[in-house]
There are 2 protein chains.
Amino acid sequence: MVNLENKTAKGIQTQLHIMEVAIGLFKKHGYDNVSVDRIVKESKTSKGSFYQHFPSKSSIFMNRFMELDERYIKIYEELKPQYPTAIERLEAFCYEVLHCIEEDMGKELMRVIYSAAIISNEHTFFTNEDRKLYIILREIIEDGIKDNSIKNIESTYIFYKILVQSILGAIYFWGLQLDNNKLEYLGRPLIKQLIMSIR
Amino acid sequence: MVNLENKTAKGIQTQLHIMEVAIGLFKKHGYDNVSVDRIVKESKTSKGSFYQHFPSKSSIFMNRFMELDERYIKIYEELKPQYPTAIERLEAFCYEVLHCIEEDMGKELMRVIYSAAIISNEHTFFTNEDRKLYIILREIIEDGIKDNSIKNIESTYIFYKILVQSILGAIYFWGLQLDNNKLEYLGRPLIKQLIMSIR
DNA sequence: TATAACATTAGACTACAGTCTGGTCAAAGG
DNA sequence: CCTTTGACCAGACTGTAGTCTAATGTTATA
C-alpha cells in the first residue's frame, strides 16, 4: 500500500525504512512521545525526506491502516466457505474485521487515525466507496438478497451505509474507552442486533 | 456548563468573554485559521488567562458541546407527551438529538470535538455514564420495557450501549463527509433499523 | 486588620509539526 | 554525450499549541 507512483527504488526503500523505525519508536514510547525530529534522527534521514514520503506524521499509521483492506479480502475468502448463507457470512465477517483491527492495528493507532481522519480533508480513504472493505460488505449483502437470507432491508446501499456507520461507531466507542475491553466484545451486540433485524 | 468551582466572579466573566470572542472568530474564519494568540489578542487577555480557563483550544468547543445536554432534557420533556409509547419516544428523541447537533453545534465544531476526544484522556465526557443524554436514553428504554413497547433486547444497559455506538457512528460518519448531507438524514436509517428490531 | 492561600493575569519561552529553499542524483530523450 | 525533468534529501525556518514563572488581585480566616 506504499505509494508507488513516480517513486524510485531508493525512494521506496527510504519510505519503508522511515516507516519501520517510526512504528518501532511508537510502539516503544507511544505516538505522542515520539517527534518527527526524532524519527528522522534515528532513521538517519531528514525532515525533507520524511515529508517527501509522508504527508503528515499520522499518515504513517494511515499507510498501515490502508494495508489492512488487503487482509480483509483474505479473511473473507477464508471465511466464505465456512458459512452456507450470506447473512451468516456477513455477521462473521464483521466480527473478524473488528478482531483484526484490534489485533493488527491496536487502539493507539486507531485513535490517531480516527482523530486525524475527521479533521483533515487529506484522508479520503474512509469516504471512498471503492474501498475494498466496502466492496466486500456490499457484495455480501447482495449475496444475501440473492440467497434470500437477508430480508427487511430497503436497499443494498442503504444497509451497507448502516453497517459502515455501525462499525465506525463501535471502533470510535472502543477508542474512547480507557479500559482494556476488546473491540470485538464491545461491538458485537450492535452487529448482532442489526443482523437479527434483517433476518 | 462553565466550570464554577474555585472561580471568582471576574474569572467567570473572563472565561465567558474569551469563549464569545473565540466562537465568533471561529465562525468567521474557521477553527484552524484562528490561533490562540489571536483569540487572546482580540479578547484583550493573555495566554495565561486563556489556559487558566480552558485546558486546550478545543475545549472551548467542548464547553459548548457539554451545554447541549441541558437542551436534550428540554427536548425530551417537550417530546414526551406527544408519543404514547416509549419506543416511539426513543426513535423521535434520537432524531431530535441528531437534528440538534447539526443545528446548534455544526459540523466543524463536532469534527474538532470528535477529533480531540479520542486522543486526549482529558475528555471523559463521552465515557461518563452519568451524562444527561445517556441517562435519558436509559430511562426511555426502561419505560419501553415497562410499557411493553420494547422487546427483543438483552438488557437496558446493552441496548443503551448499542444506541450510543450508533449515534457516535452516525455523527462520525457525517463528520467525514465533505458534502452537505444532513446528519439527521444520514443517521436515520440506522436508528430506524434498530428501532424496528426491538419492536 | 493582617496574612496565608489561592485564583488570575501577562507574556516570555519551549517543543514540535509542517514548510521552504537549495542542492544532488538518476533517468529519459534528443 | 548533454540537457532537462523531477524525485530525493538536508536542514534552516515558521507558526502555533501549550508551559512556566513571576507578579498581582481576591478571599477567607486568624
Side-chain angles (χ1 to χ4, degrees), chain A residues 2-19 21-23 25-26 29-63 111-113 115-117 119-123, chain B residues 2-19 21-23 25-26 29-63 108 111-113 115-123:
Chain A
V2 168
N3 184 15
L4 293 169
E5 327 156 30
N6 302 326
K7 273 198 182 311
T8 64
K10 199 179 157 209
I12 293 171
Q13 222 170 7
T14 306
Q15 182 177 12
L16 286 172
H17 176 61
I18 291 174
M19 195 159 153
V21 171
I23 298 265
L25 288 171
F26 292 156
H29 304 100
Y31 182 81
D32 285 332
N33 299 315
V34 177
S35 65
V36 175
D37 279 314
R38 186 159 170 203
I39 295 169
V40 303
K41 206 172 168 187
E42 302 228 0
S43 64
K44 293 185 179 27
T45 53
S46 66
K47 271 277 177 74
S49 243
F50 185 95
Y51 284 99
Q52 168 76 219
H53 298 295
F54 302 98
S56 66
K57 186 185 172 191
S58 65
S59 67
I60 289 183
F61 278 166
M62 199 63 196
N63 258 355
R111 275 179 176 157
V112 171
I113 287 175
S115 175
I119 41 169
S120 93
N121 296 343
E122 157 207 334
H123 298 131
Chain B
V2 168
N3 183 14
L4 294 170
E5 328 156 30
N6 303 326
K7 270 196 182 316
T8 64
K10 200 178 157 207
I12 293 170
Q13 222 170 6
T14 306
Q15 181 176 12
L16 287 172
H17 176 61
I18 291 175
M19 194 162 155
V21 171
I23 298 266
L25 287 171
F26 292 157
H29 304 100
Y31 182 81
D32 285 331
N33 298 315
V34 176
S35 66
V36 175
D37 278 315
R38 187 160 169 202
I39 294 170
V40 304
K41 206 172 168 187
E42 301 229 0
S43 63
K44 292 182 179 32
T45 54
S46 67
K47 270 278 178 72
S49 247
F50 185 95
Y51 284 99
Q52 167 75 216
H53 299 295
F54 301 98
S56 67
K57 187 186 172 192
S58 65
S59 67
I60 289 183
F61 278 167
M62 200 61 195
N63 258 353
E108 181 173 50
R111 275 179 176 157
V112 171
I113 287 175
S115 176
I118 201 169
I119 41 169
S120 93
N121 296 342
E122 156 208 333
H123 297 130

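Please read these numbers as outputs of a predicted model, since none were measured by experiment. Every chain is numbered from 1 and lettered A, B, ... according to where its sequence line falls, protein lines coming before strand lines.
- When distances run from any side-chain atom of B:Thr8 to the nucleotides C:dG18, D:dA7, C:dT8, the shortest one goes to C:dT8.
- Both B:Val34 and B:Ala9 lie near DNA chain D, and the one whose nearest nucleotide falls closer to the 5' end is B:Val34.
- Taking atom NZ on A:Lys41 and atom P on D:dC9, their separation rounds to 20 Å, with Å as the unit.
- Closest to the A:Lys57 side chain, of the nucleotides C:dA17, C:dT9, C:dT8, is C:dA17.
- Taking the six-membered ring for Trp and thresholds of 30 and 60 degrees, A:Tyr31 and A:Phe26 have ring planes inclined between 30 and 60 degrees apart.
- Atom pair B:Arg38:CZ and D:dA17:P shows a separation of 12 Å (rounding to whole Å applied).
- B:Gly48 comes within 4.0 angstrom of a nucleotide base, judged by non-hydrogen atoms across all strands.
- Side-chain atoms of A:Lys44 and A:His17, non-hydrogen and from C-beta on, never get closer than 4.5 Å to each other.
- Residue A:Ile60 contributes atom CD1, which lies 10 Å from atom P of C:dA17 at whole-angstrom precision.
- Looking at A:Lys57, its side chain does come within 3.5 Å of a backbone N or O of A:Val34 through a donor-acceptor pair.
- B:Thr8 places a side-chain N or O within 3.5 Å of a backbone atom of B:Gly11 that can act as its donor or acceptor partner.
- Within the 4.0 Å cut-off from OP1 or OP2 of C:dT8, not a single side-chain nitrogen or oxygen of B:Thr14 is found.
- Rounded to a whole Å, the NZ atom of B:Lys10 is 5 Å from the P atom of C:dT9.
- If you measure from atom CG of A:Asp37 to atom C1' of D:dC13, you get 12 Å, rounded to the nearest angstrom.
- Of the listed nucleotides (D:dA17, C:dA10, C:dA17), D:dA17 has the atom at the smallest distance from the side chain of B:Ser35.
- When each of D:dC8, D:dA10, C:dT9 is scored by its nearest atom to the side-chain atoms of A:Ser46, the top-ranked nucleotide is D:dA10.
- The CD1-C1' distance, from A:Ile18 to D:dC8, rounds to 11 Å in whole Å.
- For A:Asp32 and B:Lys44, each mapped to the nucleotide of DNA chain C holding its nearest heavy atom, the one lying further toward the 5' end belongs to B:Lys44.
- As a whole-Å value, the separation of B:Gln13 CD from C:dA7 P is 19 Å.
- One interatomic measurement links the two molecules: CD1 of A:Ile39 to P of C:dG18, which rounds to 11 Å at whole-angstrom precision.
- For D:dG18, its base sits under 3.5 Å from the side chain of B:Lys47 at one donor and acceptor pair at least.
- Here A:Gln52 does not reach the OP1 or OP2 of D:dC9: none of its side-chain N or O atoms lies under 4.0 Å away.
- At least one donor-acceptor pair closer than 3.5 Å links the side chain of B:Ser43 to the backbone N or O of B:Ile39.
- Listed pair A:His53 / D:dC9 meets the phosphate criterion, a side-chain N or O lying under 4.0 Å from OP1 or OP2.
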